[in-house]
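Below you'll find the structure, written out as structure tokens, and then a few comments.
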Amino acid sequence: MSIQCIRGVKDILPPEIEIWQTIEHKAKSLLEQFGFKEIRLPLLERTELFHRSIGEETDIVSKEMYTFEDRGGEKITLRPEATASVVRAYLQHNLYTLDPIQKLYTIGPMFRRERPQKGRYRQFYQINAEVFGIDSPLIDAQIIFMLMYFFKNLSLTNVQLHINSLGCRECRPQFYHALNTYLSQFNADDLCEHCNRRRTTNPLRVLDCKVEKCRQAMKDVPSILEFLCPDCVSHFQLVQTTLANQGIDFTINNQLVRGLDYYTRTTFEIQTSHLGAQNAIAGGGRYDGLIQLLGGPDIPAIGFAIGVDRLIELYMQHHESPKPYVDMFIIALDAPSKKMAYTLCCDLCIKGIQVEMDYSARSLKSLMKRADKLNAHFVMIMGEQELANNSVILRNMNTKEQFVLSTNGIVDHLLTQFFITPH
RNA sequence: GUGAGUGUAGCUCAGCUGGCAGAGCGUCAGGUUGUGGUCCUGGUGGCCGAGGGUUCAAGCCCCUUCACUCACCCCA
């Protein structure tokens with residue numbers, strides 16, 4: 001058995017790669033239409049960055065990160081998400097002194113060591129966007145609008161938007177207090193093993209536990225939405241009315257907590273019922289305290305990530321991979337013809353025509369079969385007879401029409417008569 | 001980390017109560033001079049995931065291990 005790739009990672013091969021290119025291209029165009037600029041970031045960061053931003057008690061940090069010591073003894077981690085790195089770069093380069101408002105996006109792989117399953121890989125890809133320096137709920141609504149437009153534009157209509165508010169540093173402590181009071185009424189038997197630990201370490205996470213007895217126990221749990229301070233209420237209200245005015249359907253889900261500690265106020269997730277258990281294809285939220293937490297000024301921010309692997313899986317349920325083709329396949333039957341074919345092949349390729357030729361000495365028949373396999377739109381045939389007349393045969397593979405063309409000025413002739421030239 | 005299912009040709013899969021390793025698709029060649037798709041013929045292709053055990057005999061039974069898939073968990 002030859003060497004295989006490691007568990008939970010995969011190769012993306014042609015022709016599927018074309019779908020990835022299409023999706024990424026569409027995402028970039030849309031993000032740039034909305035004023036986002038690309039930022040390219042390292043995949044490696046100091047481990048400390050994620051401990052401080054994502055939170056020590058989260059699943060990501062406590063058991064899913066690829067962390068190692070490099071040869072200099074430094075603790076390095078393969079990034080499990082992008083937001084922390086974007087914030088790090090924003091602070092490291094003092095981008096806020098240039099303009100506190102920055103809209104940045106990045107596309108690339110993330111790494112989490114979880115058990116792989118459908119839609120969940122150890123190396124997975126995200127399209128990530130962040131807005132720094134705007135605290136208005138209008139920007140919350142706008143990035144959600146942009147996301148929903150993106151999915152609609154890809155003809156992905158079977159997705160649902162869920163939104164919630166997690167409050168701010170003013171009102172969240174009061175909810176925490178109420179939540180702790182509520183949780184304290186239960187014995188260890190009433191909650192699952194994880195939640196017994198969470199009730200002290202991260203009580204918010206008990207809310208969206210899916211274990212049956214925990215859901216029973218959480219039946220009458222106070223809703224975070226009842227504890228929001230007036231500012232948070234009006235913020236959340238404006239997000240909702242703005243979305244509603246734009247005709248965007250959403251569900252308020254007060255159990256939507258999300259797995260990273262840094263979220264405040266608006267959080268959202270876009271889900272689908274067509275991907276099995278891993279139903280979130282995009283998620284994000286506001287993180288007004290994170291920049292300060294990482295040593296920067298008190299600047300609000302909001303962002304989201306799209307799971308590209310899942311998005312593409314969903315997309316492919318309704319779209320075929322494009323069938324590869326070449327514009328022309330050249331069959332040259334002897335050595336002098338091959339020499340000429342080679343030059344012609346290069347000349348046409350640099351003009352933007354996809355041309356393949358054959359480099360072997362196989363029969364015309366087998367090469368015609370190959371032309372068919374390559375889905376060649378045209379086949380050029382040249383051999384002893386043609387070369388003697390300074391001509392070649394051009395066959396249209398769909399109509400079966402054949403033309404005899406002079407070799408004089410053939411590149412221009414082909415470009416103007418047979419191929420739609422770019423520009 | 002836990003559970004269930006599956007590992008046989010490049011791909012999709014048959015293979016009976018243990019008895020010579022199979023099909024379809026793909027690939028390559030041919031079906032009389034230099035013309036494709038359909039059709040016909042032939043060739044190629046395998047450490048039956050790996051290691052051990054039981055047996056005269058193991059793809060099949062037992063143990064171990066690895067991988068994949070799905071689910072739990074978590075998230076994108």
Paired with [N] by Watson-Crick or G-U wobble geometry, both distances under 3.5 Å: which nucleotide is it?
N: B:rG1; result: B:rC72
N: B:rA9; result: none
N: B:rC16; result: none
N: B:rG34; result: none

Open item on the list: Please confirm whether the shortest side-chain N or O distance from A:R7 to OP1 or OP2 of B:rC68 is below 4.0 Å.
Closed with: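 A:R7 to B:rC68 OP1/OP2: side-chain N or O found under 4.0 Å.
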TODO: Could you check A:E313 against A:E114 and say which one's nearest nucleotide on RNA chain B is further toward the 5' end?
DONE: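 The residue whose closest nucleotide sits nearer the 5' end is A:E313.
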- [ ] Identify, between A:K400 and A:L333, the residue whose nearest nucleotide on RNA chain B lies closer to the 5' end.
- [x]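 Looking at RNA chain B, the more 5' nearest nucleotide goes with A:L333.
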Quick one: label [X] by what it contacts on the DNA or RNA (base, sugar-phosphate, nothing), any heavy atom closer than 4.0 Å.
X: A:I381; answer: base
X: A:L367; answer: nothing
X: A:G276; answer: sugar-phosphate
X: A:A371; answer: nothing
X: A:R370; answer: nothing
X: A:F329; answer: nothing

Taking [M] as the reference, what is the distance to [N] when you measure between their [atom1] atoms (whole Å, please)?
N: B:rC16; M: B:rA58; atom1: C1'; answer: 15 Å
N: B:rA23; M: B:rA14; atom1: C1'; answer: 7 Å
N: B:rC68; M: B:rG31; atom1: C1'; answer: 43 Å

Task: Donor-acceptor pair, side chain of A:T242 and main chain of A:L138, under 3.5 angstrom - done: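 No, A:T242 side chain to A:L138 backbone: no donor-acceptor pair under 3.5 Å.
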- [ ] Would you confirm whether A:D334, through its side chain, and A:G383, through its main-chain N or O, come within 3.5 Å as a donor-acceptor pair?
- [x]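 Side chain of A:D334 to backbone of A:G383, a donor-acceptor pair under 3.5 Å: no, none is there.
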- [ ] Ignoring hydrogens and angles, state whether a donor on the side chain of A:Y90 or A:Q92 is under 3.5 Å from an acceptor on the partner side chain.
- [x]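 Distance-only check fails for A:Y90 and A:Q92.
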- [ ] Return yes if a side-chain donor-acceptor contact under 3.5 Å exists between A:N253 and A:T251, otherwise no.
- [x]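 Looking only at side-chain atoms, A:T251 and A:N253 do not form any donor-acceptor pair under 3.5 Å.
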So does [X] reach the base of [N] with its side chain, donor to acceptor, closer than 3.5 Å?
X: A:Q278; N: B:rC70; value: no
X: A:E64; N: B:rG1; value: no
X: A:E384; N: B:rG34; value: no
X: A:R120; N: B:rC73; value: yes
X: A:R395; N: B:rG36; value: yes
X: A:R310; N: B:rC75; value: yes

To the side chain of [X], which of [options] is closest?
X: A:R115; options: B:rA76, B:rU27, B:rC72; answer: B:rC72
X: A:K63; options: B:rG34, B:rC73, B:rC74; answer: B:rC73
X: A:K118; options: B:rG34, B:rC74, B:rC70; answer: B:rC70
X: A:R362; options: B:rC28, B:rC74, B:rU2; answer: B:rC28
X: A:Q402; options: B:rA76, B:rG31, B:rU35; answer: B:rU35
X: A:Q126; options: B:rC74, B:rU35, B:rA76; answer: B:rA76

Open item on the list: Angle between ring planes, A:W20 versus A:Y125, binned at 30° and 60°: parallel, tilted or perpendicular?
Closed with: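 Rings of A:W20 and A:Y125: perpendicular, over 60°.
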- [ ] Would you mind reading off the distance between A:N279 atom CG and B:rA76 atom P, rounded to a whole angstrom?
- [x]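 About 11 Å, once rounded to whole Å.
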TODO: First locate atom CD of A:E130, then atom CZ of A:F304, and finally report the distance between them rounded to the nearest 0.5 Å.
DONE: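 Rounded to the nearest 0.5 Å, the CD-CZ separation comes out at 8.5 Å.
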